[in-house]
K.L.:
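Have a look at the structure that comes next, please.
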Amino acid sequence: MQGSARRRPFPAAAPGSPQPPGPLYPGRHGAGKNEDTFKTSQFHLDLWFYFTLQNWVLDFGRPIAMIILPLEWFPLNKPSAGDYFHMAYNVITPFLLLKLIERSPKTLPRSMVYVSIIMFVMGASIHLVGDSVNHRLIFSGYQHHLSVRENPIIKNLKPETLIDSFELLYYYDEYLGHSMWYIPFFLILFIYFTGCFTPVEDESRMPVAALLLMGPSSLYYWYLVTEGQIFILYIFTFFAMMALVMHQKRKGLVLDSNGLFLFYSFIITLVLIAVWVIWLWNDKILRKKYPGVIYIPEPWAFYTLHMNNLHAGKESF
């Protein structure tokens, strides 16, 4: 009785014979086949909404919060309100990017995503320190539309090696920090974009909520590209997206609603950048700070040059 109650082991398959289907015999290539099949993808309204909201509040809003809130609350030798915004951004943004990757209907290269997330956090943290000091210098008369050595509060420093230190700080903020921050950011978006293709035409439609969210999303990307001075990175990412869309179209694949949202946001961003450049094309002072073929002024440089002068004129009046 005790022996009959025991379960008999499943007979082993003879060498060279095909394995029976089922969970007990997962095929070596079965997982790959399942990963290559297209799954139904819905528009990720929650993630795109949170992503856009936190970009506007924590990234765009951090220098505004630093300027508006009383200086007595956040002394110059302590982190500003904008710094705390930046800290929250450095935590929330990688989490939302990972959730986007998880929601992709295709299995994406996770190792590349994880390395990109690590680089993103490192770059954003470097930028946090440099940007904190640079923005706090505004209260001391620092002017962002001028170079470091041309700023009135910097050029007369003694010894002159202190100027080199401020230029190093500017390098960490505007070059190294931005590169380690934005290159992984756009790489993750592009990796996600590669999984946004479907053979079903009905999935290639955006809901009304996506259309309403596209405006704020595109406007933020405009701010990101212009303030971060990353037009080359942005345009190469956009061209890669266009090439991928044309390549997949030959296979009979079209963008799903999430891919359309991201692609159209990048198109509107390009239009906004063009309008911005045309508007400030003849600005001689900004032209001096941004020489060369690619002329894309930073919004904060425009603010310190024109808006500060406008406020000063009103106060004197």
K.L.:
Does Met112 offer a backbone N or O that forms a donor-acceptor pair with the side chain of Ser116 under 3.5 Å?
P.N.:
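Yes; at least one donor-acceptor contact below 3.5 Å.
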K.L.:
Could you tell me whether Asp83 and Arg62 make a salt bridge, using a distance below 4.0 angstrom between a side-chain N and a carboxylate O?
P.N.:
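The answer is no: the pair does not qualify as a salt bridge.
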K.L.:
Using the ring centroid of each side chain, check whether Trp279 and Phe302 are separated by less than 6.0 Å.
P.N.:
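Ring centres of Phe302 and Trp279 closer than 6.0 Å.
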K.L.:
Checking side-chain polar atoms at under 3.5 Å, does Glu298 have a donor or acceptor matched by the opposite partner on Tyr290?
P.N.:
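Note: Glu298 and Tyr290 side chains meet the donor-acceptor criterion.
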K.L.:
If you measure from the Lys or Arg side-chain nitrogens to the Asp or Glu carboxylate oxygens, is any gap between Asp283 and Lys288 under 4.0 Å?
P.N.:
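Looking at Lys288 together with Asp283, the answer is no, because their closest N to O distance does not fall below 4.0 Å.
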K.L.:
Donor-acceptor pair, distance only, cut-off 3.5 Å: does the side chain of Trp276 make one with the backbone of Ile296?
P.N.:
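Pair absent, no side-chain N/O of Trp276 close to backbone of Ile296.
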K.L.:
Could you tell me if Tyr223 and Asp59 have a donor-acceptor pair between their side chains, going purely by distance under 3.5 Å?
P.N.:
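There is no such pair between these side chains.
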K.L.:
Ile267 and Ile230: same hydrophobic cluster, using ILVMFWY side-chain contacts below 4.5 Å?
P.N.:
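Yes: a chain of side-chain contacts under 4.5 Å links Ile267 to Ile230.
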K.L.:
With no hydrogens and no angle check, is any side-chain donor or acceptor of Tyr50 less than 3.5 Å from a backbone partner on Ile92?
P.N.:
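Here the side-chain-to-backbone pair does not exist.
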K.L.:
Are Leu211 and Trp222 linked, directly or through intermediate hydrophobic residues, by side-chain heavy-atom contacts shorter than 4.5 Å (ILVMFWY only)?
P.N.:
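Yes, same cluster.
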K.L.:
Any side-chain to backbone donor/acceptor pair from Arg103 onto Phe43? Under 3.5 Å, distance only.
P.N.:
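Answer holds: no.
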K.L.:
Below 4.0 angstrom, N of the basic side chain to O of the carboxylate: do Arg149 and Asp164 qualify?
P.N.:
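Yes, Arg149 and Asp164 are salt-bridged.
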K.L.:
Would you call the rings of Tyr192 and Trp48 parallel, tilted or perpendicular, where under 30° means parallel and over 60° means perpendicular?
P.N.:
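Plane angle over 60°, so perpendicular.
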K.L.:
As a test of understanding, state which of Phe263, Phe190, Phe193 forms a ring-ring contact (aromatic ring centres under 6.0 Å, His included) with Phe238.
P.N.:
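Answer after filtering Phe263, Phe190, Phe193: Phe263.
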K.L.:
Ring centres of Phe60 and Tyr220 under 6.0 Å apart?
P.N.:
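Between Tyr220 and Phe60, which both carry aromatic rings, the centre distance is not below 6.0 Å.
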K.L.:
Cluster question for you: counting only ILVMFWY and a side-chain heavy-atom cut-off of under 4.5 Å, with indirect links fine, are Val91 and Leu58 together?
P.N.:
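Val91 and Leu58: separate clusters.
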K.L.:
Which of these passes side chain to side chain contact (heavy atoms under 4.5 Å, CB included) with Pro297: Leu305, Leu280, Ile285?
P.N.:
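In the set Leu305, Leu280, Ile285, the residue that makes a side chain to side chain contact (heavy atoms under 4.5 Å, CB included) with Pro297 is Leu280.
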K.L.:
Would a distance-only check, ignoring hydrogens and angles, find a side-chain to backbone donor-acceptor pair under 3.5 Å from Asn258 to His44?
P.N.:
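Judged by distance alone, yes, a pair lies under 3.5 Å.
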K.L.:
Crowded around Met122 CE? As in, over 12 foreign heavy atoms under 6.0 Å?
P.N.:
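12 or below, so no.
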K.L.:
Taking atom types as modelled, find out whether Gln54 and Thr93 have a side-chain donor-acceptor pair closer than 3.5 angstrom.
P.N.:
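Yes, Thr93 and Gln54 have a side-chain donor paired with an acceptor closer than 3.5 Å.
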K.L.:
Applying the 4.5 Å side-chain criterion to the ILVMFWY set and letting contacts propagate, would Ile191 and Phe236 be lumped into a single cluster?
P.N.:
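Yes, it is one cluster - the side chains of Ile191 and Phe236 are joined through contacts under 4.5 Å.
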K.L.:
Using only atom types and a distance under 3.5 Å, with no angle test, would you say the side chain of Trp181 pairs donor to acceptor with the backbone of Ile126?
P.N.:
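Absent.
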K.L.:
Between Tyr234 and Phe266, does the ring centre distance come in under 6.0 Å?
P.N.:
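Yes.
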K.L.:
Would you tell me whether His86 and Asp131 have side-chain atoms, one donor and one acceptor, within less than 3.5 Å of each other?
P.N.:
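Note: His86 and Asp131 side chains miss the donor-acceptor criterion.
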K.L.:
Ignoring hydrogens and angles, tell me if any N or O in the side chain of Gln229 forms a donor-acceptor pair with the backbone of Thr226 under 3.5 Å.
P.N.:
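Present.
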K.L.:
Counting N and O atoms only, with roles assigned by atom type, does the side chain of Glu150 sit under 3.5 Å from a partner on the main chain of Lys155, one being a donor and the other an acceptor?
P.N.:
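A pair under 3.5 Å: no.
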